[in-house]
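Accompanying notes for the structure given below.
Order of listing sets the numbers, starting from 1, for every ligand and every atom in it. Heads up: numbering here begins at 1 and tracks the sequence.
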Amino acid sequence: MSAQATAVGQPSTSAKKTRKRILTGDRPTGERHLGHYVGSLANRVKLQEEYETFLLVADYHMLTTRLQGLEEIERNIRQTVLGNLAVGVDPSKTTIYLQSLVPEVTELFLYFAMIVTVPRAQRIPTLKEQMRDLDIAQPSYGLLGYPVLQAADILMVKGDLVPVGRDQQSHVEITREIAREFNDRFGPVFPVPDALIPEIGILPGTDGRIKMGNSLGNVVNLLDDSKTVEAKVMAMYTDPTRIRATDPGRVEGNPVFMYHDFFNPDTAEVADLKDRYRKGSVGDVEVKRKLATAINGFLDPIRDRADRLLRENPRIVDEVLHQGTARARAEAKQTLHELRAAMHLDYFGQ
Ligand code: TRP
């Protein structure tokens, strides 16, 4: 991958947009895991070849549901960025920046807050989901505004395409409404972006739950060492009704086999294991050992890239963020300049 050539390459800063632009984001929740890889990272690495890509680390967004333990954020930001670099997100193709270092986004958020009605924001399904999942009795003003801030992220760099999971589609929808409403009222400043929703299967947690996360303790991290991977795989949830290796087992919906399908390139081995599992002629231990080997094979180049990048430049993450943020900030200033002119808020012609 080309990230090796220089410490930090930079996308060209030509003001003219020649390629369509992508804006996507990660909340800085810490280490990237296999679920991130399947859900967004793999796609991101491909898309950066075709589109001019912006990737933000959404630390403001994180504050909408978390105001404690903030001393961890810095580490989480680093791990989030390093995970992206490790899978091949290339700073010479993708502008990686930290949201809170581009405070212009909050100004854009304020203008957009004037356009969106309270009932419209309350209708966004993720609000209820977050309140339910996190046991929040009353949403803060900031949580209500979560999708409006996301719209500001997207429109600040004039993103054309937004790769997000299906759960975030409603956020792109409100972004489209905001862009149209703004353009109708004040003139054509913003593109109306499209969501780019990948057709992917869903990877469950290692405990079989749909929700995955480091805080749930059910993930294999991309930078886990091979022993840790092995231990996590050997402890994976499998068919709970199967007691002995001679019992016929269920393959469908069995997380061990879902992981095999995603990460084991030896399809003949997987087919054989499934066949013997159904018949009750293979033990869980063998199936899991082979899965651990497959996952470790998959992770080797990712771990190697992270090691190499850090060896070559221990400050790589900071430098990537520093340069990416400068670039994003220049875009933000330009967009705000156009917006303020359109709204006649440029009193001193700024
Ligand atoms: N909301 C996204 C998430 O929860 C993170 C995010 C913030 C984002 N701003 C964005 C994603 C803009 C796409 C575009 O993961």
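Among protein heavy atoms, the minimum distance from atom 5 (C) of ligand 1 is reached at Gly25 O, 3.8 Å. Among protein heavy atoms, atom 14 (C) of ligand 1 sits closest to Leu23 CD1, 3.5 Å.
Atom CE of Met131 is separated from atom CD1 of Ile136 by 7.0 Å, given to the nearest 0.5 angstrom.
Against a heavy-atom cut-off of under 4.0 Å, Val164 is close to the following atoms of ligand 1: 13 (C). Counting atoms of ligand 1 from 1 in the listed order, those under 4.0 Å from a heavy atom of Val162 are 13 (C), 14 (C). Interface atoms of ligand 1 facing Ala58, defined by a heavy-atom separation under 4.0 Å, are 7 (C). Within ligand 1, the atoms closer than 4.0 Å to a non-hydrogen atom of His61 are 7 (C), 9 (N), numbered from 1 in the order shown.
Ring centers of Phe262 and Phe257: at least 6.0 Å apart, outside the cut-off.
Residue Tyr146 has at least one N or O atom closer than 3.5 Å to an N or O atom of ligand 1. Checked against a 3.5 angstrom limit, the closest N/O atoms of Asp153 and ligand 1 fall inside it.
Between Met234 and Lys288, the closest heavy-atom pair is O-NZ, 3.1 Å.
Surrounding CD of Glu74 are at most 12 heavy atoms belonging to other residues, nucleotides or ligands under 6.0 Å away.
Classified by interplanar angle (parallel below 30°, tilted 30° to 60°, perpendicular above 60°), the ring pair Phe263/Tyr37 is tilted. Taking the six-membered ring where the residue is Trp, Phe182 and Phe186 present tilted rings, their angle falling between 30° and 60°.
The nearest non-hydrogen atom to atom 8 (C) of ligand 1, considering only Gln168, His171, Gln150, Arg27, comes from Gln150.
Under 4.0 angstrom from ligand 1, the non-hydrogen atoms of Leu56 all belong to its side chain.
Relative to the six-membered ring of Tyr277, Arg242 meets both conditions, a distance below 6.0 Å and an angle of at most 45° to the axis.
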